[in-house]
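Note sheet for the following structure.
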Amino acid sequence: MIKITFPDGSVKEYNEGITSLEVAEQISPRLAKEVLAATVNGEVTDLTRPIIKDSRLVLHKWDDEEGKHAFWHSSAHLMAEAIESLWPGTKFGIGPAIENGFYYDIDPGDHVMTDADLVMIENRMKELSAKNLNFKRKDVSKKEALDLFSQKGDEYKVELIGDLADGTISLYSQGNFTDLCRGPHLPSTEHIKAIKILSLAGAYWRGDEKRRMLTRIYGITFPKQKMLDEYLLFLEEAKKRDHRKIGRELELFTFSQKVGMGLPLWLPKGSDIRTTLIEFLTGILRKRGYKIVATPHIGNVNLYKTSGHYEKYGADSFKPISTPQEGEQFMLKPMNCPHHCEIYNATPHSYKDLPLRMAEFGTVYRYEQSGELHGLTRVRSFTQDDAHHYCRPDQLREEFKSIIDLVLYVFKILNFNEYTAQISLRDPNNKEKYIGTDENWERAERDIIEAAAEKNLETVVVPGEAAFYGPKLDFMVKDAIGRKWQLGTIQVDYNLPERFDLTYNGSDNQKHRPVMLHRTIFGSLERFVAVLIENTAGKFPLWLAPEKAVILPISEKYNDYARKVLELLNNSDICTLIDERSEKIGKKIRDNELKRVPYLLIVGEKEEESGTVSVRKQGEGDKGSMKPEEFAEFVAAEIKKEIAL
RNA sequence: GCCGAUGUAGCUCAGUUGGCCAGAGCAGCUGAUUUGUAAUCUGCAGGUCGGGGGUUCGAAUCCCUUCAUCGGCUCCA
């Protein structure tokens, strides 16, 4: 007999060799039907593997990540089986479960996969899953595995096996399909009831752009059709929040092929939002002791040779521009830091002056590959809310913490509650990729980790993601369909102070090297506004709304009164318009609701007589009437509430 | 840049296997209407069917090429 401990702490005895599935069956038939995978002593495994010693057991259903993972991973195998049966000779790369669904990278040989094939795959998968095929695991030696896949001609699998240690290799089979796989898998395909093959894309083998491009097929499956329907509905709904669509509908920004791809044109209303954000942040920065600076959009090539950016990124930037006569070369600035370092160098600094916080809304230009461009989130010209903190090494941690505070403050005002904070460290196995001393790196990494901890910031630590000049902390926010975008970032840099020979006089009257922090809060105004649009579906908070209210006269008879109200509100600094069209009130309300105007002010006979406006709040309907002055105060108070924390 | 898909009016979309002068709704402009909380009616205008080649008696439709966009990959200072 063996003892099995459950998550609630209870312990039961079973025969040695019992499987997790059998344990579930003994608990309840219903559980046995729903359970998808198990964790035995901390290791996620198949439900059908025998348990041979005293163990801790966790049974995973759909709601657990582990359950979904096994489900989608098994679905990937099912898809591979379908593909192999449709196009024998297809070679397989890898086919993992992902956050939403799964994919498989395949090499279809001469067959070019198209969307029509996706439907065929989907249908074949449905046929196969209906057969209730069992997933069977087999542990094999490296030689056996190599022989099997060499024989099959699956060169990608052979390459993968080559990297694995003998004794750790397992195969999973279902139906006529066998795959190299660590598992775990579902007991059988019968759980996979709802199947959708979503899309098709190219993907480089092992993520290396120098290697062959395989065909990646994305799919998603669910245990119930209803869940699939809901997921597809969610995707449809999310598309409505796409910032590119809303940006066009609300006339916020546009792109022009004549101007060039990836170069956003801000329309008046979008520009209003942008300006409001800049003014908002500038106010905060002044309070926090930042100095605002301004620098040109170009810089001499030598500036970037000094900074090291030319060597490292010159090829990826826009090519330098030359002067007609003297042959000087200038670059469109890809970042603001070199300029800021020269501002630092313009005046002598004492240890008493530090930290020096230098901020600029700096527009930068970066050559992004054409396929990378994406609405406002990935562009070739964008304005960073950039700042550099020059500080003494002993001030680094406090500076770091103050920036975390600032980021969280701004996120809170904007209701960005679902962000990920990622600490990016250097790859300990590849130290030569980075510059700077071990001592500095260790100190900087420790400072970041501890600063984040002291701020109770929940973080994900990712080694190998640091910038070449220092570790960093990034803040990521999701868009409507769940893609993550990096907004704010805080980076420690020992490199530029060195390259620009930045110094300050210490209390010992010796020259010392300051440490530099790069930081953004919004990241860039373009990306920030994009994420803001997707998070609010264009229903901006009042303080950011380009138009606070629109006055809707019941008929043209009340246009004069409407103009009086308009003047009063605009004088109170509340941006307001009149809808003077000779449309019925219902139509005017509808149109302005669709434009996401926060408040509609209806004026007719009643209001003119009593000197009031009828207030209608976006999405909420009639709020009763008040005097225009009261409305102005009300709006001012609302805005104050929104941006005061 | 790479793989796949898409490209018809400002926007959303129709346009059978190639065949009269390329259609609709919304938006725009006219005129009527003077309206009480999510769509009043009339008329007009608007398109080199992304661009360029080709096949054909004839191309939005078929082929080639190019540009842009979308979904991914790679990249992201």
Side-chain angles (χ1 to χ4, degrees), chain A residues 98 103 105 108 112-118 198-218 239 242 244-245 248-249 251 254-258 260-262 304 307-314 316-317 333-338 364-375 377-380 382 384 386 465 467-469 472 481 483 485-486 489 491 493 495-496 518 523 527 552-559 581-594 600-607 614-623:
Chain A
I98 51 176
Y103 66 77
D105 283 349
V112 177
M113 284 278 167
T114 65
D115 289 351
D117 295 330
L118 300 187
L198 294 163
S199 63
L200 169 84
Y204 298 107
W205 170 234
R206 305 199 111 178
D208 184 345
E209 64 178 320
K210 295 192 179 58
R211 305 197 66 178
R212 189 179 177 78
M213 179 161 269
L214 303 182
T215 302
R216 177 168 296 179
I217 302 175
Y218 286 92
K239 276 189 202 153
D242 189 318
R244 293 164 297 190
K245 181 177 155 71
R248 186 168 52 230
E249 286 168 358
E251 298 176 355
T254 191
F255 289 90
S256 150
Q257 289 185 24
K258 284 205 182 80
M261 61 167 88
Y304 303 101
S307 70
H309 290 113
Y310 185 80
E311 189 191 354
K312 201 145 176 87
Y313 301 108
D316 298 327
S317 299
K333 79 173 167 189
M335 70 284 301
N336 305 298
C337 12
V364 296
Y365 303 87
R366 297 179 185 180
Y367 174 77
E368 303 287 355
Q369 298 187 91
S370 58
E372 295 287 41
L373 300 172
H374 182 96
T377 48
R378 196 76 186 275
V379 287
R380 286 178 168 174
F382 56 95
Q384 295 180 309
D386 206 358
E465 284 287 303
F468 71 95
Y469 49 75
K472 57 181 186 161
I481 63 170
R483 286 179 290 224
W485 295 98
Q486 180 197 312
T489 180
Q491 310 181 353
D493 185 357
N495 175 42
L496 285 186
H518 305 246
R527 185 174 284 181
L552 311 182
I554 294 287
S555 81
E556 286 170 15
K557 282 190 272 185
Y558 310 104
N559 281 356
R581 297 175 303 164
S582 77
E583 294 289 349
K584 292 168 84 166
I585 195 67
K587 169 76 165 167
K588 291 188 187 183
I589 287 169
R590 178 183 159 78
D591 288 351
N592 287 288
E593 284 274 350
L594 290 175
L600 302 181
L601 306 176
I602 291 149
V603 295
E605 189 180 1
K606 217 164 58 187
E607 289 78 12
S614 282
V615 179
R616 191 179 204 284
K617 188 169 181 184
Q618 207 271 329
E620 291 182 24
D622 196 355
K623 292 281 168 190

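A, B, ... follow the sequence lines: proteins, then strands. Residue 1 opens every chain.
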hbond_proxy [X] side chain to [N] base (donor-acceptor, 3.5 Å cutoff):
X        : N      : answer
A:Ser582 : B:rU33 : yes
A:Tyr218 : B:rG4  : no
A:Glu607 : B:rG36 : yes
A:Gln369 : B:rU74 : yes
A:Glu372 : B:rU74 : yes
A:Glu593 : B:rA38 : yes
A:Arg378 : B:rC76 : yes

Within the pair [X] and [N], is there a side-chain N or O less than 4.0 Å away from OP1 or OP2?
X        : N      : result
A:His374 : B:rG72 : no
A:Ser370 : B:rG1  : yes
A:Arg248 : B:rU12 : yes
A:Arg244 : B:rU69 : no
A:Arg616 : B:rA38 : yes
A:Arg483 : B:rG71 : yes
A:Lys557 : B:rU35 : yes

[X] side chain: which of [options] is closest?
X        : options               : value
A:Asp115 : B:rU37, B:rC3, B:rG4  : B:rG4
A:Ser555 : B:rG36, B:rG4, B:rU34 : B:rU34
A:Arg590 : B:rA38, B:rA5, B:rU37 : B:rA38

Describe the nucleic acid contact of [X] in one word from base, sugar-phosphate, nothing, applying a heavy-atom distance below 4.0 Å.
X        : answer
A:Ala201 : base
A:Ser614 : base
A:Gly371 : base
A:Gly604 : base
A:His518 : nothing
A:Ile554 : base
A:Val112 : sugar-phosphate
A:Glu583 : base
A:Lys588 : nothing

Taking only the [atom1] atom of each, what is the distance from [N] to [M] in whole angstrom?
N      : M      : atom1 : result
B:rU42 : B:rA60 : C1'   : 32 Å
B:rU48 : B:rU34 : P     : 40 Å
B:rU30 : B:rA38 : C1'   : 26 Å
B:rU69 : B:rU8  : C1'   : 15 Å
B:rG4  : B:rC63 : P     : 15 Å
B:rG54 : B:rC73 : P     : 40 Å
B:rA27 : B:rA39 : P     : 12 Å
B:rG7  : B:rU17 : C1'   : 23 Å

Rounding to an integer number of Å, can you tell me how far [X] [atom1] sits from [N] [atom2]?
X        : N      : atom1 : atom2 : result
A:Trp205 : B:rC73 : CH2   : C1'   : 14 Å
A:Arg211 : B:rC75 : CZ    : P     : 14 Å
A:Lys587 : B:rU40 : NZ    : P     : 6 Å
A:Met261 : B:rC70 : CE    : P     : 10 Å
A:Glu605 : B:rU35 : CD    : P     : 9 Å
A:Leu373 : B:rC67 : CG    : P     : 14 Å
A:Tyr204 : B:rC75 : OH    : C1'   : 9 Å
A:Gln257 : B:rA68 : CD    : C1'   : 4 Å

Exercise for the section: Enter the distance from A:Arg216:CZ to A:Tyr103:OH here, rounded to the nearest 0.5 Å. Expected result: 3.5 Å
Handout entry: Nearest-0.5 Å distance, CD of residue A:Glu556 to CD of residue A:Glu583
Key = 10.0 Å
Handout entry: Nucleotide paired to B:rU40 in any strand shown, Watson-Crick or G-U, under 3.5 Å
Key =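 B:rA32 - that is the nucleotide pairing with B:rU40, both distances being under 3.5 Å.
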Problem - For B:rG7, the Watson-Crick or wobble partner whose two distances fall under 3.5 Å - result: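 B:rC67 is the nucleotide pairing with B:rG7.
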Practice task
Find which nucleotide of RNA chain B each of A:Val603 and A:Asp591 is nearest to by heavy atoms, and output the residue with the more 5' nucleotide.
Solution key: A:Asp591
